[in-house]
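Report on one structure; see the data block that follows.
What's counted below: heavy atoms across the whole structure, side chains too, no hydrogens, waters or symmetry copies.
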Amino acid sequence: MQASTDHERRCYCGKLYQTISSLGRHTRGCPAFSDDCKRFLRLLAYLEPGPVPGDLFRRALFPFRKWNENGNESRERPFQLPDIFSDEGRLVKAMMDAIDTHAVRVTIGSLAPHANHGDPWWAYRNFELPESSRIFIQNSVNYLDGQLDSARLIFHGFSFSDLDVRFVEKGNALLPFVVPLLHKFPVDKLLPGELPSAVEVCISMSQFGDYNFKEHVLAVAETLAGRIGPSPLDFSIALRKAALALARGQAASVWPSPGLNRKGNSQRAEAVLFRAQQCIELGHLSEAWKLVGQWTPFHAAQPSGLEIVMSSRLDFMKGKLHRFQGNFEAARQYLEPLSSQHPPTQVQFSARLHLIAVYTELGLWEKGQTVAGGIEIASGRQRRLYRLALAELLLSRVLCGFEEDLLPAKGLFAEIVSEYEGLGGVQFGKTMRRNFFRACFGLAVIGHLQRRGQALFGALGALSGWELAYRASRECLVVAEGFPDLICHLAMAQLQLSSAAVQSGPSLERAKQIWAELSNQGLEQRFCFTNLGTRWADMVSEWLEASGCPRIVSQWGGTAGDAREVPKV
């Protein structure tokens, strides 16, 4: 009797037969129909659409890495994976059977070999099923079983940021599979022993994707944690939700009870860092310093692995605070060790970006270029941050008289602005909005330098650049106008004064009001400008003063010792 549908006459290798009997004769000798090969192909069917990185299967052969209650790395197998991952030989045989029978397409993977040159070749290949085979396999396997197997494989293969220097790279590679998986994930089907690790992986996943995905994956984490009962995982979820709220410009507060063990003590360090970042957002750097000085390892002489990680993150925070206070040499003492740590940590990328900025303030541009040359880029976000740091380094040189860097800096800033605009109006979090503002700000400074001293038409062109920067500043999810807005108003006032020969105007009056309001708040003055570079505010203030306008912003130190005179562009 003829089969009713095509999928009933198809082998796992993809070949289609006219009758069930001819299919049966074929499958008796087809390697793709072996139990192990079928399991491998079923995983692909439920992980697709899209090429699946072989590195995910390689990681499934090894125990899952996480932090235990003592704050040290542990290796375990919390997830019930298909048994082909119990032995590398079985997995490789299944892969080769799939390849030899043309059941899968194999392409070069995006994850290039890193430090471990002993990895097998297939770890750096992508595996993909033809669409017809994917549909056939999904119709042949219990849907729930297929979902659970693929979910467990993703959970096992997803790394934690503090344990894997390639965390960003690996997370981005798995994100296309994670997003559709979690939106239809059967959370009630995981085994009780799998729940704690699944919650931790969900928290780790929440560092990727857009805000809708981040919120959804944390909701999944909350659901899973609810099946466990009260545990330290509740604080980890709350802290991550608070961090997302802060990034969106919303108020958030979290503080754990005293840690009863090394891992709990590390949670306190995370809370300290979160609250210190809140203080930075408000410009209260002294309060942030008090907070970071409150934490020490559970046993200072013998810190756990996780406490060592937290100590590095606190050192990075201290380096950042020194930078924002204008203490560039002190910042350098914290950031340099972090930028060259081996093995590298997750704070290394951020430490290097801040160190580049510190070197530019000290006039050590060659050192800044050297640091930039050693940075490895693992995501589009990191690439944008890296290019922004390079553009600001060039701008710093321009402001110290290296006029040959003006056009390269202008081109780089323009490219960055265009890239951010192409991302959809920078509609996501506060950090991305701020980075867009920094790019607009740099472009406005260059336009100001190029057109300063020109007639009214030239001034209008420069003003349009500052208006774009000002609009970008007002979109940074901050209600009141602050230091970035102040600098924009000062720059616009200087252009207006120089072109119209007037002693006052709306921009100048608004700059005076903002400075008075900020001074009354008791905020630390140096924080105003270090995140945008210290030279520009001084230059504009001096130009205004030369035009007969009383100085609005008091001058302070922090410029490079070997800097040239202010350029007369």
Without placing hydrogens or testing angles, list every side-chain donor-acceptor pair under 3.5 Å for residues 215-229, not counting sequence neighbours.
{"from": "Glu215", "atom 1": "OE2", "to": "Arg248", "atom 2": "NH1", "distance (Å)": "2.9"}
{"from": "His216", "atom 1": "NE2", "to": "Leu182", "atom 2": "O", "distance (Å)": "3.1"}
{"from": "Glu222", "atom 1": "OE2", "to": "Lys241", "atom 2": "NZ", "distance (Å)": "3.2"}
{"from": "Thr223", "atom 1": "OG1", "to": "Ala219", "atom 2": "O", "distance (Å)": "3.0"}
{"from": "Arg227", "atom 1": "NH1", "to": "Val187", "atom 2": "O", "distance (Å)": "2.8"}
{"from": "Arg227", "atom 1": "NH1", "to": "Leu190", "atom 2": "O", "distance (Å)": "3.4"}
{"from": "Arg227", "atom 1": "NH2", "to": "Leu190", "atom 2": "O", "distance (Å)": "3.1"}

Indicate yes or no for a side-chain donor-acceptor contact from [X] to the backbone of [Y] under 3.5 Å, with no hydrogens or angles considered.
X	Y	result
Glu69	Asn261	no
Ser204	Val201	no
Ser339	Glu336	yes
Asn72	Gly305	yes
Gln348	Gln341	yes
Arg125	Gly54	no

Do [X] and [Y] touch side chain to side chain, with heavy atoms closer than 4.5 Å?
X	Y	value
Lys263	Pro232	no
Glu307	His299	no
Arg90	Asp83	yes
Phe127	Ile99	yes
Leu233	Glu200	yes
Leu423	Phe436	no
Arg39	Leu43	no
Phe136	Pro130	no

Once you round to the nearest 0.5 Å, how far does [atom1] of [X] lie from [atom2] of [Y]?
X	Y	atom1	atom2	answer
Ser304	Trp67	OG	CH2	7.0 Å
Ile137	Leu129	CD1	CG	5.0 Å
Leu285	Ile280	CG	CD1	6.5 Å
Lys320	Leu355	NZ	CG	14.5 Å
Leu174	Leu47	CG	CG	9.0 Å
Gln277	Leu291	CD	CG	12.0 Å

**Q.** Face-on cation placement of Arg75 at Phe62 ring, 6.0 Å and 45° thresholds
**A.**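 Cation-pi check for Arg75 and Phe62: fails.
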I need the minimum non-hydrogen distance between [X] and [Y], along with the two atoms involved.
X	Y	answer
Ser311	Pro297	OG-CG, 4.3 Å
Phe235	Ala271	CZ-CB, 4.0 Å
Asp162	Gln346	N-CG, 4.4 Å
Pro192	Pro196	O-CD, 3.7 Å
Gln382	Glu376	OE1-O, 3.8 Å
Arg77	Pro63	NH2-N, 4.0 Å

Q) What pairs of residues pass the side-chain hydrogen bond (donor to acceptor under 3.5 Å, both in side chains) test when at least one of them lies in residues 145-159, not counting sequence neighbours? A)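 Every side-chain hydrogen bond (donor to acceptor under 3.5 Å, both in side chains) pair that includes a residue of residues 145-159, provided the two are not neighbours, is Arg152-Glu194.
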Under the side chain to side chain contact (heavy atoms under 4.5 Å, CB included) test, which residues partner [X], sequence neighbours left out?
X	result
Lys318	Trp289, Val292, Asp315, Tyr334
Pro31	Asp97, Thr101
Val92	Glu88, Met96, Trp122
Lys189	Leu144, Leu148, Pro186

Q.
Between Asn265 and Arg262, is there a side-chain donor-acceptor contact under 3.5 Å, judged purely by atom types and distance?
A.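 No pair is found: no donor N or O on one side chain lies under 3.5 Å from an acceptor on the other.
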Q: Verify whether one side chain among Arg352 and Tyr386 offers a donor that lies under 3.5 Å from an acceptor in the other.
A: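 Absent: no donor and acceptor within the cut-off.
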Q) When you look at Phe324 and His354, which way does the side-chain contact (heavy atoms from CB on, under 4.5 Å) test go after all the steps? A) CA-CA 10 Å; Phe324 290 161; His354 277 268; 4.2 Å; yes
Above 12 or not: heavy atoms from other molecules or residues under 6.0 Å from [atom1] of [X]?
X	atom1	value
Lys15	NZ	no
His102	NE2	no
Arg381	CZ	no

With sequence neighbours left out, what residues match [X] under ring pair (Phe, Tyr, Trp, His ring centres under 6.0 Å)?
X	result
Phe160	Phe64
His26	Tyr17
Phe208	Phe158, Phe167
Phe155	Phe79, Phe185

Q: Show your working on salt bridge (Lys or Arg N to Asp or Glu O under 4.0 Å) between Asp164 and Lys170 and close with a plain yes or no.
A: CA-CA 9 Å; Asp164 195 337; Lys170 289 179 178 179; 2.7 Å; yes
Q: Only counting residues at least two apart or in another chain, list the ones meeting salt bridge (Lys or Arg N to Asp or Glu O under 4.0 Å) with Arg65.
A: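 With sequence neighbours excluded, Arg65 shows a salt bridge (Lys or Arg N to Asp or Glu O under 4.0 Å) to Glu73, given in chain and number order.
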Q. With sequence neighbours left out, what residues match Lys214 under salt bridge (Lys or Arg N to Asp or Glu O under 4.0 Å)?
A.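 Listed in chain order: nothing, the list is empty.
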Q: Could you check Arg275 against Gln278 for side-chain contact (heavy atoms from CB on, under 4.5 Å), going step by step and ending with a plain yes or no?
A: CA-CA 5 Å; Arg275 294 188 67 189; Gln278 283 183 306; 4.0 Å; yes
Q: Go through the steps to decide whether Val168 and Phe349 satisfy the test side-chain contact (heavy atoms from CB on, under 4.5 Å), and finish with yes or no.
A: CA-CA 11 Å; Val168 173; Phe349 177 81; over 6 Å; no
(Q) Checking Arg42 against Tyr12 for the side-chain contact (heavy atoms from CB on, under 4.5 Å) test, could you report, in this order, the C-alpha distance in whole Å, the side-chain angles of both residues, the deciding distance, and whether it holds? (A) CA-CA 9 Å; Arg42 286 170 184 170; Tyr12 269 63; 3.1 Å; yes
Q. Salt bridge between Arg471 and Glu421, side-chain N to carboxylate O under 4.0 Å?
A.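 So Arg471 does not pair with Glu421 through a salt bridge.
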